[in-house]
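Comments concern the structure below.
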Number of protein chains: 2
Amino acid sequence: MPVRSTDQILHKAAWLYYTHGLRQDEVAKQLGISRASVAMYLRRARETGIVSISTSTQLFADDVLARELEDTTGLASVWIVPEDRHAMDSAAEMPVVAAAVFLELIKKGDRIGVAWGRTVYHLADVLPYADLQGVTVMQLCGNLGAPYNYRPDQCTTEIARRLNAEGINIYAPLVLGSERLADELRGEPVIREQLAAISDCQLVLYSVGGCESDSHLVRCGALTADEMHALGKAGAGGVIAGQIIDRNGRWMDCAHNRRCISADLDTIRTIPKRMMVVEEDAKFEPLVAAIKGGFVSHLVVTTSMARRLLSRWNEVTDAA
Amino acid sequence: MPVRSTDQILHKAAWLYYTHGLRQDEVAKQLGISRASVAMYLRRARETGIVSISTSTQLFADDVLARELEDTTGLASVWIVPEDRHAMDSAAEMPVVAAAVFLELIKKGDRIGVAWGRTVYHLADVLPYADLQGVTVMQLCGNLGAPYNYRPDQCTTEIARRLNAEGINIYAPLVLGSERLADELRGEPVIREQLAAISDCQLVLYSVGGCESDSHLVRCGALTADEMHALGKAGAGGVIAGQIIDRNGRWMDCAHNRRCISADLDTIRTIPKRMMVVEEDAKFEPLVAAIKGGFVSHLVVTTSMARRLLSRWNEVTDAA
DNA sequence: GCGGCGGTTTGACTTTTGTCACACCCCGTG
DNA sequence: CACGGGGTGTGACAAAAGTCAAACCGCCGC
C-alpha cells in the first residue's frame, strides 16, 4: 500500500503535471531531472493508475434505443454500441465501451464478482489501469482450461491487477467427475467460504454463454457436444458462470449443474449491480434467458441486438 | 441528464481521443471538423467533467508522520501537506490537496454534507469538474452573510456545480434572534426534513472555526466579539458547522447554539466519513477539540500542524 | 579490476497540441 | 435591410510533448 520510494517520483511528477498543471519542463526543473524523464514518468503514472483518465460513457447510454429498451425490459441501465461505424473497428469497440462502463459502476471498497469467457477477457484486456485499492475482485466459479486467456482465474487476476485491487481466486475445478465429489468439495471450508462471500458483492460482471455445440463449455471439454445438444432439447437457454439455465433463466437440475463449483444463482440475483456484456448477435436467446432470469441490471449490447431485443421482447415474454 | 445535442460532439471527441487514443487530427477527420475545433472540444470536455483526470493523493497520505498521527490519534486517514516547498506556493497547495482527497472520498450515489468557511470555499474553488450525477451535496447549516463567497449556500452550490451533482440548500438563517423563533423554524417541515436528511450522508466536509474575536462567526455578525470572548471563558473550543463546541468537542449549551439552525452534532458524529481540512496553524486548539469530539475521521493538515498534534496529543488528551 | 548486462537518463529531433487573430454565421434590433 | 454583438469554427504559427539512439550507472561474476 505505501508508495515505494521508486514510485515517489512518479507520484510527484504526476501531481505537479496533472493536478497543478505545470508543464513538463517546469516539473523537470522542480524535480531536478530532464524533461524526457518526466515524460517517461508521466506515461508510467498513467499506465499504473496513479493518474487515471476516464471518459463518460453517456454517449452510449444516451441512445433513444437504450431508453426504450430500459422501459420495455425494466433493466436499470443499457449502453448501446453502434456497429455501423465504418472508420472505427466496431468489433473492438464493444469491449472498450464495456470496460469504461465497468469502471463507472465500480465504487471504492466494492467487492466484485467476475465470471469468465472471451467477452470478459476482452474487457479485461482493454481495461484502463486504475488505483482502486480497497476493491476486491472475486472469481465467481471454479476453473477450467480454456483457450487463450479466457480461464476464470486469468480473467479475475487480470482485472484485479489492472485496478490495483485484491484478487481472490477459487482453487477448484469448475466441473467435477461426480456429484458426490462436487458436494464434498463445496463443503470444504475454504471453498464454502469463498462461495459464501459472493453474496457480499455489490457488482458482478459476466457475459452469457450459448448452448450450441460450439459453446465454451463444450470447447473447453466440460461437456460433450452430445450432452449439450441433449440439454438444449431439455430446455437449456444459456450459461451463466458455468451453469446451465433454462429459457426462462431458471437453474436447470441437470448432471452438469450438480457437478459444478460455482456461485449460487439465487445469490447472484440478489447482487445490486449485475453487468452483462454481449458481443455476438448469435447470443440473442441466451441473453433473453439471462434477462428473464434476473441476471442482468446493466447491459452493454450492439445496436442490432438492442433492436432485436426491443422488437421481440413481447413475443419472448408472452411465450413464458 | 441526457446528452444535449450540442454536447454530443464533445462526448464523441473525448471518447475518440482519450479512450481510443486517436490523435487530434484523426479525431478531426472522423468528425469532419478542423483539428483546432477538436482541441477546443477536448478542453471543454475536460472543463465540464465529461473527461476526468485524477491523480492519486497517496503522495500526501504516505508520510511517516501521517502514519504516526493515525496511530496516535486513531483517525482513519491523514494527509499531510508540506509547507516548506520553496518553489510551490504552499498556501495554495492545501486546498488543492484537499480537493483531490475530497474527490477520492466520494462514491457514486453518495449524499455529502458541506459546511462553510474560507477553507471550504478555497477547496470548492480548485475542485476539478467531474461527472458525478447521482451525488447529492447538502448544506449542513443555515445561511449567513459572509465576505467573498464563503456563504454556506455558495459553498454547497459551487461544489455541486463542479461535480454535476444535485445541490440542496437550506433556506434558513444560521442564527436567529430568539430561541423561540429558532425552535419554530426547526419545526417547519421543509427545514426539519432537510436537517433530518443529513443523517443519510456518507461524507461530510468542513473545517473547524476558532473562538477568537476574529473568528468567522464574529466577522459575519453572528456573535459580538464580547460574546465570543465570554464563550471562550466558559470553555468554548471551536466551531463546527456554525455551532460552538467546548474543548472536548461537546455541544455547548449556550444561547448562540440554541438559536442556531444547523445539523445536529450527534448526527454528524454518526456519518462514516468526516473530512476535515485545516489550513491555518492557529487552529490547533479548535482542531484538537474537533478530533476529541469525534468530528474527524479523515484529516488534511500541514506538516507543522501534524507535528504539533503528534507531540502534544498525550498532553491534550490527559488534560481531559 | 574489468567486461558485460539490465535498467534508467538524457540530448536532439519529430510529431502533436495549444493558441490566437480573424472569418463566419445566426439572430435580434434600429 | 443594414448593423452589431456573441458565439463557433479555422488556418497558421508557436509551444509543448513524444520518441529514440546513445550515454550512463550500478551491479554482478569472472
Side-chain angles (χ1 to χ4, degrees), chain A residues 2-56 58-59 62 87-89 92 96 126 128-131 161 164, chain B residues 2-56 58-59 62 87-89 92 96 126 128-130 161-162 164:
Chain A
V3 176
R4 284 179 296 128
S5 67
T6 75
D7 284 5
Q8 182 90 354
I9 192 105
L10 262 79
H11 277 90
K12 281 190 185 168
W15 182 262
L16 292 171
Y17 185 76
Y18 284 105
T19 308
H20 275 272
L22 300 194
R23 289 193 318 267
Q24 294 188 354
D25 55 351
E26 297 177 295
V27 176
K29 189 146 49 111
Q30 196 147 132
L31 300 180
I33 52 179
S34 77
R35 200 189 56 71
S37 299
V38 172
M40 192 200 56
Y41 289 155
L42 293 178
R43 179 158 35 72
R44 287 220 303 241
R46 285 188 302 263
E47 282 169 0
T48 57
I50 290 173
V51 169
S52 74
I53 301 182
S54 62
T55 312
S56 160
Q58 285 251 0
L59 185 55
D62 212 50
M88 198 192 306
D89 184 0
V96 176
V126 297
Y129 288 79
D131 184 33
R161 188 177 75 81
N164 280 294
Chain B
V3 177
R4 285 178 296 127
S5 67
T6 75
D7 284 4
Q8 182 92 353
I9 191 105
L10 262 80
H11 277 90
K12 281 190 183 167
W15 182 263
L16 293 171
Y17 185 76
Y18 284 105
T19 307
H20 275 272
L22 301 194
R23 292 192 316 268
Q24 294 189 356
D25 54 353
E26 297 177 296
V27 176
K29 189 148 47 114
Q30 195 147 131
L31 300 180
I33 52 179
S34 76
R35 202 191 53 74
S37 300
V38 173
M40 189 198 60
Y41 288 155
L42 293 178
R43 179 158 34 72
R44 288 219 303 241
R46 286 188 301 264
E47 283 168 1
T48 56
I50 289 173
V51 169
S52 74
I53 301 181
S54 62
T55 311
S56 159
Q58 285 250 3
L59 184 56
D62 211 50
M88 197 192 304
D89 185 0
V96 176
V126 296
Y129 287 80
R161 188 177 75 81
R162 298 223 177 192
N164 280 294

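Computed from a predicted model, the values in this text were never measured in an experiment.
Residue B:Met40 is in sugar-phosphate contact alone, with no base atom involved, counting any heavy-atom pair closer than 4.0 Å across all strands shown. As judged by a 4.0 angstrom heavy-atom cut-off over every strand, B:Leu42 is placed among residues making no nucleic acid contact.
Taking side-chain N and O atoms only, A:Tyr17 has a distance below 4.0 Å to OP1 or OP2 of D:dA17. The phosphate of D:dT8 has neither OP1 nor OP2 within less than 4.0 Å of any side-chain N or O from B:Tyr41. One finds no side-chain N or O of B:Ser37 lying less than 4.0 angstrom from the OP1 or OP2 phosphate oxygen of D:dG9. An OP1 or OP2 oxygen of C:dG18 is reached within less than 4.0 angstrom by a side-chain nitrogen or oxygen of B:Gln24. Remark: A:Arg35 is not in phosphate contact with C:dA12, judged by side-chain N or O atoms under 4.0 Å from OP1 or OP2.
Rounded to the nearest 0.5 Å, atoms OH (A:Tyr18) and OG (B:Ser56) are 14.0 Å apart. The CZ atom of A:Arg46 sits 9.5 Å away from the CD1 atom of B:Ile53 when rounded to the nearest 0.5 Å.
Going from atom CZ of B:Arg43 over to atom P of C:dT17 covers 15 Å, rounded to whole Å. Taking atom CG of residue A:Leu10 and atom C1' of nucleotide C:dT9, one finds them 14 Å apart after rounding to whole Å. In this structure, the CD atom of A:Glu47 is 12 Å from the P atom of D:dG18, given to the nearest Å. A:Lys29 places its NZ atom 16 Å from the P atom of C:dT10, with the value rounded to the nearest Å. Here C:dT15 presents its P atom at 14 Å from CD of B:Glu26, a figure rounded to the nearest Å. To the nearest angstrom, P of C:dT17 lies 7 Å from CG of B:Asp25. Distance, B:Ile33 CD1 to D:dT8 C1': 11 Å, rounded to whole Å. In this structure, the CZ atom of A:Arg23 is 11 Å from the P atom of C:dT19, given to the nearest Å.
Minimum atom distance to the side chain of B:Ala39 is reached by C:dT19, of the listed C:dG11, D:dT8, C:dT19. The A:Arg46 side chain lies nearest to D:dG18 when the options are D:dG18, D:dC20, D:dA16.
Counting only distance, with no hydrogens or angles, the side chain of A:Asn164 and the backbone of A:Ala130 share a donor-acceptor pair below 3.5 Å.
Side-chain contact between A:Leu42 and A:Val51 is absent, with no heavy-atom pair separated by less than 4.5 Å. In this structure, B:Met40 and B:Arg43 have side chains that are in contact, with non-hydrogen atoms separated by less than 4.5 Å.
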